[in-house]
Amino acid sequence: MPELPEVESVRRGVDEWTAGTTITGAEVLDPRILGTTSQRRIDASAVSGFVSAVTGAHILKAERRGKFMWLSLVEGADLSTADPVTSPVSRPELGILVHLGMSGQLRIHSPGEDIHRHTRAVLHLDSDRELRFVDQRIFGHIGVQPLVHGYGRLVPASAVHIAADPLEPAFDPEAVVGELAKKRTAIKAALLDQTLVSGIGNIYADEALFRAGVHPLAVPARTRKSRLVAVLESATKVMSDALAVGGTSFDALYVNVNGESGYFERSLTVYKKHGTPCKRCGTTIAREKIGGRSSHFCPRCQRRR
DNA sequence: ACGCCCGCCTGGACGC
DNA sequence: TGCGTCCAGGCGGGCG
């Protein structure tokens with residue numbers, strides 16, 4: 001389940017293998033991957049449009065905000081003759097946005113290696129490697145987009161509403177706590193709101209609330225700011241801890257570009273631990289649906305107030 | 001304006 | 001064994 005630590009692990013691998021390369025061609029094996037979650041009917045012109053837009057583009061680097069990742073591009077540039085004054089390569093205008101959704105993977109392969117049946121798109125690189133987007137459930141998507149300004153950075157247009165994540169310089173904890181304190185919904189739901197703070201998904205929301213000792217149904221507007229700060233700090237810490245070990249892999253659905261799993265599952269304290277004793281106090285971990293999502297918490301360490 | 005909930009997907013787990 | 005049903009979950013859109 002790719003949340004911030006998993007997407008960042010993937011981004012690092014993607015950057016290592018693709019930055020500085022040129023895209024020599026592309027294939028879209030399942031056009032639905034070009035759509036969004038609510039628009040999956042894609043016509044043939046979208047496929048040819050994607051292929052022609054990326055072919056010949058030069059990849060500057062792989063970037064990320066929250067769970068959104070993108071390759072910043074210089075379109076069709078011949079870098080050997082480019083004039084750095086008239087066409088500065090440090091100002092990309094386009095990006096290839098990739099969202100992994102639930103089950104998306106980006107994998108680096110050599111041409112000719114077996115194509116996994118869930119491979120939805122392939123970018124061929126001039127480094128004699130290819131970047132494959134594999135996605136069992138097609139909750140993810142890929143597409144070429146203009147880069148626009150959002151929260152102090154250039155980001156793909158469809159991610160402009162996504163807030164900064166806790167691991168980037170533009171993240172402003174005081175401003176986020178101020179916004180959070182206005183919310184009358186369950187704090188669990190607020191943590192999953194990517195327009196407030198990005199990168200937190202169901203796993204790290206539950207883990208952060210446990211670490212901060214806050215009940216998932218706590219209402220931010222009625223919670224002390226010091227406790228809201230604690231929740232945000234816990235979220236930042238738990239995602240940093242997870243990133244340090246390559247993220248969380250429950251099954252084969254999350255791996256990095258080289259197909260390797262992360263090791264944070266062994267450090268989870270509440271997520272999917274319902275029915276087992278709390279590591280801190282021994283009380284049985286509970287599971288409840290909150291905002292339509294399974295939420296796991298310790299009824300004693302995370303009392304409602 | 002804000003909060004909530006559905007639909008999009010596939011495959012694995014479960015019940016009969 | 002085999003079929004049907006439910007569940008997992010990020011996100012966008014549409015509803016109230």
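Computed from a predicted structure; not experimentally measured. Hydrogens, waters and symmetry mates play no part in the numbers below; they use all other heavy atoms, side chains included. Every chain is numbered from 1, with letters handed out A, B, ... down the list of sequences.
Distances shorter than 4.0 Å separate none of the side-chain N or O atoms of A:His141 from OP1 or OP2 on B:dC8. Proximity of A:Lys183 to the phosphate of B:dC2: no side-chain N or O atom is located under 4.0 Å from OP1 or OP2. Between A:Gln136 and B:dC9 there is no side-chain polar atom (N or O) within less than 4.0 angstrom of OP1 or OP2. Dashed line: the shortest gap from a side-chain N or O of A:His99 to OP1 or OP2 of C:dC11 is under 4.0 Å. Close to B:dT10, at under 4.0 Å from its OP1 or OP2, lies no side-chain N or O of A:Arg120. Between A:Arg287 and C:dA8 there is a side-chain N or O to OP1 or OP2 distance below 4.0 Å. For B:dC9, the OP1/OP2 oxygens have no side-chain nitrogen or oxygen of A:Ser103 closer than 4.0 Å.
Ion pairing between A:Lys67 and A:Asp165 fails under the 4.0 Å rule for side-chain N and carboxylate O.
Across all strands, A:Arg184 comes closer than 4.0 Å only to sugar-phosphate atoms, never to a base (heavy-atom distances). Counting any heavy atom pair closer than 4.0 Å across all strands shown, A:Gly201 reaches sugar-phosphate atoms only and no base atom.
The main-chain N or O of A:Ser294 is found under 3.5 Å from a side-chain atom of A:Lys188 such that the two form a donor-acceptor pair.
Note: CD1 (A:Ile33) to P (B:dT10) measures 11 Å, nearest angstrom. Per the geometry, CZ belonging to A:Arg137 stands 15 Å off C1' belonging to B:dG7, to the nearest Å. To the nearest angstrom, C1' of B:dC4 lies 14 Å from CG of A:Leu217. Between A:Arg32 atom CZ and C:dG12 atom P the separation is 19 Å, expressed in whole Å. In this structure, CZ of A:Arg64 is placed 16 Å from P of C:dG10, rounded to the nearest angstrom. In this structure, the CG atom of A:Leu97 is 17 Å from the P atom of C:dG10, given to the nearest Å. Going from atom CZ of A:Arg293 over to atom P of B:dC5 covers 12 Å, rounded to whole Å. Going from atom CG of A:Asp30 over to atom P of B:dC9 covers 9 Å, rounded to whole Å.
Closest approach to the A:Phe139 side chain among C:dA8, C:dG12, B:dC8 is made by B:dC8 (side chain taken as heavy atoms from C-beta onward). For A:Thr185, the listed nucleotide lying nearest its side chain is B:dC4; candidates were C:dA8, C:dC11, B:dC4. In this structure, of C:dG10, C:dA8, B:dG3, it is C:dA8 that holds the atom nearest to the side chain of A:Lys289. The side chain of A:Ile138 has B:dT10 as its nearest neighbour among B:dC4, C:dC11, B:dT10.
Between A:Ser110 and A:Arg132 the shortest heavy-atom distance is O-NH2, 3.6 Å.
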>> salt bridge (Lys or Arg N to Asp or Glu O under 4.0 Å), that's the test. Do A:Glu168 and A:Arg153 meet it? Break it down for me.
In response: CA-CA 10 Å; A:Glu168 65 179 304; A:Arg153 283 176 69 188; 2.9 Å; yes
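Across every strand in view, B:dC2 sits in a pair with C:dG16 that passes the Watson-Crick or G-U test at under 3.5 angstrom.
If you check the side chains of A:Asp135 and A:Ser103, you find a donor sitting under 3.5 Å from an acceptor. A donor-acceptor contact under 3.5 angstrom links the side chains of A:Glu130 and A:His124, judged on distance only.
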